Amino acid sequence: MQGLAEVLATRPVSAYVELTLHAPDIAERCEPGQFVSFAVGGRTSAMLLRRSIAISGVRGPAITVVVSAAGPGSTWLTELRRGDEVDVVGPLGRPFPGAPAGAPALLVGGGYGAAALVGLAARLRGAGHEVAAVVGAATASRLCSTDELGRLAAPLAVLTDDGSAGRAGRVTVAVAELVTGAGVVYACGPMGMLRAVSELAGARGLPCYVAVEESMACGIGVCMTCVLPVVGADGRTRFSRACTEGPVFGGDRVRFEDIGTLPPDVVGADAMGLAPAAAAPAGAVAGPVVTSPAGPGETP
Amino acid sequence: MQGLAEVLATRPVSAYVELTLHAPDIAERCEPGQFVSFAVGGRTSAMLLRRSIAISGVRGPAITVVVSAAGPGSTWLTELRRGDEVDVVGPLGRPFPGAPAGAPALLVGGGYGAAALVGLAARLRGAGHEVAAVVGAATASRLCSTDELGRLAAPLAVLTDDGSAGRAGRVTVAVAELVTGAGVVYACGPMGMLRAVSELAGARGLPCYVAVEESMACGIGVCMTCVLPVVGADGRTRFSRACTEGPVFGGDRVRFEDIGTLPPDVVGADAMGLAPAAAAPAGAVAGPVVTSPAGPGETP
Amino acid sequence: MQASLGGVPLVSPVLTASGCSAFGQELDPFFDLTAIGAVVTKSVQLRARSGRPTPRMAETPSGMLNSIGLQGPGIDGLLAEELPWLAARGARALVSIAGSRTEDFAELASRLRGVPGVLGLEVNISCPNVESRGEVFACNPDASAEVVAAVRAAADPAHPVYAKLTPDVTDIVSVARACADAGANGLSMINTLLGLAIDPDTMRPVLGGVTGGLSGPAIRPVALRCVWQVHQALPNVPILGMGGIRTGLDALQFVLAGAGAVSVGTAVFNDPSAPVRIAEELAAALGERGFGRLSDAVGYAHRRADPPAGRHSR
Amino acid sequence: MQASLGGVPLVSPVLTASGCSAFGQELDPFFDLTAIGAVVTKSVQLRARSGRPTPRMAETPSGMLNSIGLQGPGIDGLLAEELPWLAARGARALVSIAGSRTEDFAELASRLRGVPGVLGLEVNISCPNVESRGEVFACNPDASAEVVAAVRAAADPAHPVYAKLTPDVTDIVSVARACADAGANGLSMINTLLGLAIDPDTMRPVLGGVTGGLSGPAIRPVALRCVWQVHQALPNVPILGMGGIRTGLDALQFVLAGAGAVSVGTAVFNDPSAPVRIAEELAAALGERGFGRLSDAVGYAHRRADPPAGRHSR
Ligand SMILES: Cc1cc2nc3c(=O)[nH]c(=O)nc-3n(C[C@H](O)[C@H](O)[C@H](O)COP(=O)(O)OP(=O)(O)OC[C@H]3O[C@@H](n4cnc5c(N)ncnc54)[C@H](O)[C@@H]3O)c2cc1C
Ligand SMILES: Cc1cc2nc3c(=O)[nH]c(=O)nc-3n(C[C@H](O)[C@H](O)[C@H](O)COP(=O)(O)OP(=O)(O)OC[C@H]3O[C@@H](n4cnc5c(N)ncnc54)[C@H](O)[C@@H]3O)c2cc1C
Ligand SMILES: Cc1cc2nc3c(=O)[nH]c(=O)nc-3n(C[C@H](O)[C@H](O)[C@H](O)COP(=O)(O)O)c2cc1C
Ligand SMILES: Cc1cc2nc3c(=O)[nH]c(=O)nc-3n(C[C@H](O)[C@H](O)[C@H](O)COP(=O)(O)O)c2cc1C
Ligand code: FES
Ligand code: FES
């Protein structure tokens with residue numbers, strides 16, 4: 001679904017900006033874990049690509065998003081004013097799966113990642129689940145949605161690396177404490193945090209779902225730029241698209257340590273290393289052949 | 001002089017928008033006939049080149065410009081709101097020269113070109129000159145500055161091609177009537193009008209100054225894209241820059257009929273047609289050699 | 001607005017671009033796939049390919065760099081799932097094929113003979129993204145001709161064969177001529193330009209593949225120049241023009257330069273419904289200018305004749 | 001932030017670009033001309049040239065097309081007025097020379113021997129704008145080498161000779177190598193890409209010269225790729241990098257790719273004081289990243305070594 005949404009309200013939230021957008025078609029169909037993608041920079045902008053931003057909440061016909069000003073595109077979003085219109089596509093991606101019946105849920109949010117968990121917390125509480133939450137950030141100003149999650153989760157552990165708010169330390173410290181009482185774990189935030197949380201949950205055989213971030217050119221599954229190595233149901237690892245097969249994946253399925261590399265056992269990896277003239281010499285490990293470009297361009 | 005100017009006011013004026021900008025450095029030094037050039041589209045715009053717009057008036061530390069929404073850049077200017085800031089360079093170009101002592105002046109404005117004459121009319125009246133004016137446009141909504149000029153010039157003839165306002169007909173009709181009583185003629189507007197007015201003035205040996213428009217990439221004299229054939233003091237025709245040697249030229253000096261062509265007698269035209277291998281065959285008219293590109297690129 | 005691709009009629013002159021529409025399924029929610037000329041599928045090879053490690057993209061002024069490395073299911077996967085999906089919906093596929101050896105291209109062409117829904121083949125001899133010791137085929141007229149001849153011979157006679165050219169050559173006309181002489185039914189122009197971006201923080205190339213393909217409005221003037229030069233030299237060879245098309249007026253420029261049909265690639269990332277919007281805008285623009293048929297406008301800018309009685313606002 | 005051009009010391013690594021700063025006079029009101037590395041003058045030929053008929057420009061996404069046709073006063077005018085003006089103000093000139101025959105280049109080089117204020121020569125073997133029956137020199141390694149050798153032989157020994165390359169070739173490294181072997185003291189990269197724009201209303205090419213040179217941020221990824229490939233192949237040949245530089249971080253990318261100095265061209269049209277701003281931004285960026293000297297950063301992105309102790313935010 002694609003169209004113009006009016007900015008109903010814009011509110012600074014610590015280091016971020018929360019935008020409330022009138023988007024009934026999206027509000028009515030979106031589920032926690034899904035995202036939208038915005039055209040940025042205005043009609044004549046040189047920024048061609050859309051920016052993907054998680055949906056943090058739904059209020060009737062409106063959705064809310066929390067934007068952190070990183071580069072020029074997200075910065076432009078944070079400068080939108082009430083009454084402006086913004087071109088948005090969504091809801092996109094696969095949402096967080098439901099929790100096993102009766103299972104107490106532990107939600108772990110890092111930085112603005114916490115915003116994507118607010119809707120999930122409300123939904124889980126609505127379905128009768130107990131909800132605990134851990135929210136962390138590098139420093140106090142990078143924390144997010146602690147109030148909203150405070151109203152929905154008990155206990156709510158807040159941590160900052162530099163100790164400027166809540167407990168000093170990384171979220172994993174609190175997760176290790178609370179994970180024992182959990183039946184399912186959900187996480188959204190920086191890749192390093194998702195990896196640590198997945199390991200903690202995996203060690204206890206708990207189902208764990210993580211919402212990942214990867215640079216996205218299209219956000220709708222047609223360009224293949226947002227892939228990461230994910231183990232499929234058949235046990236084989238494939239480069240899967242974060243925007244359509246994700247952004248939510250089973251924590252135990254994502255090969256965090258191999259992101260940004262070409263593991264030799266990825267489906268189709270063997271076809272990458274072939275020398276044009278002859279087949280790869282027997283036994284040659286078709287590892288990531290990171291050679292500089294071979295002449296003016298590379299053949300297909 | 002280059003910097004950010006705040007938009008103090010924006011006012012629709014028939015089919016145009018008048019912007020009032022706080023630009024004390026420009027206001028204090030600019031003279032009628034000069035222009036400013038605006039960066040358009042905002043910080044992330046794909047529109048790299050500035051748009052040149054004539055200065056229509058000065059009010060203390062502020063200048064006014066009248067913008068007609070043509071393409072994306074000028075359209076963006078017309079959508080500026082009070083309080084916005086815009087990056088402006090100026091004053092640019094050579095202004096209208098003074099009138100001969102005591103000479104009654106006739107000012108001729110076409111479309112938004114009339115706006116550039118308001119300041120001139122005020123200056124001439126201040127110097128004791130009689131000022132008459134002719135203002136024309138294709139239709140009523142394309143007329144401009146008739147009020148301001150009405151207060152400064154007598155008589156003021158207003159014409160529209162379609163007769164929707166003032167007299168029906170082209171400005172040249174009124175110019176032919178009023179030129180007999182004039183001692184100097186100033187004109188600003190479409191090239192065709194400037195040509196006709198220059199011919200009328202020339203026929204009577206009257207000094208005539210025209211403010212031309214040519215596509216400008218830099219506006220400050222470094223790119224050579226804004227040239228037109230102008231006869232110099234030495235009688236030789238050169239491709240002269242509208243942005244620095246102009247935009248105001250002697251009407252009798254501009255070879256209107258040759259704009260967009262390469263007349264063989266332009267200084268340096270002979271060097272253009274030379275075949276690389278041999279000198280141009282004797283007697284070959286080194287006319288505009290408009291051949292399609294000779295292979296992948298053209299040698300310098 | 002009827003159009004054609006090497007003689008095969010199209011419902012519209014606007015197609016997607018290979019690699020910017022996967023195999024059509026993801027665009028289905030955004031517009032009617034049967035309303036566009038064809039879905040040009042992601043270049044497929046004999047074997048499934050993982051593609052390169054990420055990062056695979058970098059945004060650039062009015063464009064982007066990509067270094068995908070031709071990730072795809074391989075011909076078997078395509079024949080089993082992707083093409084049947086499109087055929088079942090009555091959508092047309094122009095199948096892009098790629099390989100590192102002439103024989104690979106020929107085998108792909110033969111595997112696609114008679115496959116339902118397949119309109120024709122786009123031979124990707126110019127994609128700059130996949131490792132190989134040799135040069136890009138499309139940088140060499142003879143290598144290009146060899147592949148085109150082999151594909152033409154092996155392919156279904158009913159499938160037009162379009163050779164896709166790279167702009168990164170000294171003389172694109174010589175490559176175009178070699179392909180046409182070798183039997184190509186048309187030419188797809190242009191693939192991406194080879195580019196690079198360095199991350200000022202890591203101080204290393206942004207892309208895992210170091211260099212990547214530049215696409216989007218930034219390259220439109222280069223694409224138009226290539227179409228212009230090739231149409232000027234080979235006026236009777238059909239051209240599928242692409243490179244930074246975002247609006248109907250952009251598409252009109254390609255038609256006037258000599259393209260009989262156009263592909264819309266990177267613009268889809270900004271506006272998923274771009275192909276149908278651009279087709280509507282192009283039809284309106286042609287009508288306003290007095291062109292009764294698209295074919296009247298093809299290459300019009302080359303001809304000195306006065307423009308038709310249509311509107312001229314200047 | 002000391003830098004050098006073929007051994008000649010510069011006060012700054014940022015220069016203007018030929019054709020985007022005329023002969024410096026018009027930029028004087030906007031910044032101190034003695035504060036930049038040098039003014040690179042509009043390519044001059046033996047005789048005065050009128051240049052092409054207008055229109056000579058078209059705006060494009062994040063760039064522009066130009067078809068000036070090397071309008072200029074000719075060497076005599078340059079020696080009589082433009083260069084003395086610059087020398088009188090202590091500004092340095094890198095004089096760009098152009099011609100349609102090798103002898104012309106050589107004569108221009110000798111005419112400039114010992115001229116006050118002249119820092120060196122940029123040999124424009126790649127400007128795509130002026131009519132000629134033959135190919136662009138820079139599209140042919142041998143033709144390029146011939147011109148470079150002739151210029152090197154005729155030029156003032158104290159003047160470094162930089163050959164300016166076009167990206168519109170299949171293999172820019174072969175042209176670069178030919179120029180270096182022929183005695184070029186450095187390479188200026190890149191000139192404009194050949195492009196075209198058609199006016200949807202007149203339905204004719206916008207430019208009087210039909211095609212024109214594409215410049216500005218749109219071409220930056222192509223320029224960076226050319227610098228990367230040439231530095232990779234010829235690490236010891238100094239490079240003056242240009243193509244769409246607008247900020248200090250853009251310039252940093254060129255330095256990391258292998259450029260020892262940069263030229264700022266089209267960006268000046270948007271920001272007349274760009275050269276000094278970019279030099280300040282570049283100096284700050286180098287300092288933040290722990291580079292004591294510019295030369296430490298030149299080509300840094302090619303080297304596998306870990307980045308220095310400077311700030312890494314990623
Ligand atoms: C599924 C998903 C959900 C997200 N949710 C949020 C959110 O709720 N709030 C928020 O502030 N940000 C969120 N992000 C990150 C946001 O998309 C990036 O910060 C933003 O795209 C960066 O664009 P830029 O112009 O600021 O930076 P640039 O560095 O200028 O971006 C250049 C290009 O790289 C892409 N890119 C760069 N960094 C990222 C990144 N981390 N993720 C994706 N694309 C990137 C951009 O989309 C753009 O195409 C999310 C990303 C994804 C993939
Ligand atoms: C000295 C001078 C004074 C001017 N004064 C005014 C004025 O007071 N009010 C007003 O509305 N307009 C004025 N113009 C015209 C104005 O500059 C153009 O309408 C505007 O630049 C067109 O830009 P665009 O983005 O709307 O159109 P586009 O066609 O998108 O412009 C594309 C490029 O071509 C250039 N261009 C196109 N048409 C013109 C043109 N007619 N003149 C100059 N450059 C052009 C643009 O500057 C831009 O670089 C003046 C032009 C000049 C040269
Ligand atoms: C992400 C991406 C992937 C691409 N993959 C292919 C491909 O597999 N085969 C191919 O021939 N061209 C491929 N291209 C090139 C496009 O088909 C097209 O030729 C080029 O992008 C110019 O058109 P555009 O500017 O409209 O995108 C790809 C382009 C992009 C941006
Ligand atoms: C208007 C214009 C005129 C130019 N004239 C010349 C020239 O005379 N000689 C030359 O070698 N390059 C010329 N160039 C190319 C520039 O020097 C530079 O190589 C190119 O524009 C890329 O840099 P940029 O993107 O910073 O402008 C010209 C470029 C422009 C835009
Ligand atoms: S962002 Fe394009 S496929 Fe995921
Ligand atoms: S607009 Fe550049 S010289 Fe006049």
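Each chain gets a letter, A, B and so on, in the order the sequences are listed, and its residues count up from 1. Just so we're clear, the structure is a prediction, and the values are computed from it rather than from any experiment.
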| request: Pick one of side chain, backbone, both or neither for D:Asp271, based on which atoms fall under 4.5 Å of a heavy atom in chain B. | output: both

| query | What's the verdict on side-chain contact (heavy atoms from CB on, under 4.5 Å) for D:Arg56 and B:Val227, showing C-alpha distance, side-chain angles and the deciding distance? | reply | CA-CA 9 Å; D:Arg56 292 181 169 185; B:Val227 299; 3.4 Å; yes

| message | Can you tell me which residue among B:Leu228, B:Leu262, B:Ile259 is in a side chain to side chain contact (heavy atoms under 4.5 Å, CB included) with D:Pro53? | response | B:Leu262

| request: Quick one: which of B:Ala39, B:Gly71, B:Ala46 has the most heavy-atom pairs under 4.5 Å with chain D, could you say? | output: B:Ala46

| request: Evaluate the side-chain proximity of D:Asn66 to B:Cys223: yes if any heavy-atom separation is below 4.5 Å, no if none is. | output: no

| note | Here the pair of heavy atoms bringing D:Phe269 nearest to B:Arg50 is O-CD, 3.6 Å

| field | Taking every non-hydrogen atom, the tightest pair across B:Ala217 and D:Met64 | value | CB-CE, 3.8 Å

| Heavy-atom pair with the smallest gap, counting every atom of D:Ala22 and B:Gly221 | CB-O, 4.0 Å

| task | Could you tell me which non-hydrogen atom of D:Glu26 sits nearest to which non-hydrogen atom of B:Arg241, and how far apart they are? | result | OE2-NH1, 2.8 Å

| So what's closer than 4.5 Å to chain B heavy atoms on D:Pro272: side chain, backbone, both or neither? | both

| message | If we ignore hydrogens and angles and just use 3.5 Å, is the side chain of D:Gln71 paired with the main-chain N or O of B:Met224 as donor and acceptor? | response | no

| note | In this structure, CZ of D:Arg49 is separated from CG of B:Asp270 (nearest 0.5 Å) by 9.5 Å

| said: Closer than 4.0 angstrom, basic N to acidic O: yes or no for B:Arg51 and D:Glu59? | reply: yes

| Atom CZ of D:Arg89: over 12 foreign heavy atoms under 6.0 Å | yes

| task | Looking only at non-hydrogen atoms, find the nearest pair between D:Asn270 and B:Leu48 and report the distance. | result | ND2-O, 2.7 Å

| query | Atom CG in D:Leu65, atom OG1 in B:Thr225: separation rounded to 0.5 Å? | reply | 12.0 Å

| Considering all heavy atoms of both residues, which atom of D:Ser50 and which atom of B:Ala269 are nearest to each other, and what is their separation? | OG-CA, 3.4 Å

| note | Ranked by heavy-atom pairs below 4.5 Å to chain B, first place among D:Pro29, D:Ser273, D:Gly216, D:Pro55 goes to D:Ser273

| query | Nearest 0.5 Å, what's the CG-CD1 distance between D:Leu27 and B:Ile220? | reply | 5.0 Å

| query | Which bit of D:Thr166 is near chain B, if near means a heavy-atom gap under 4.5 Å: side chain, backbone, both or neither? | reply | neither

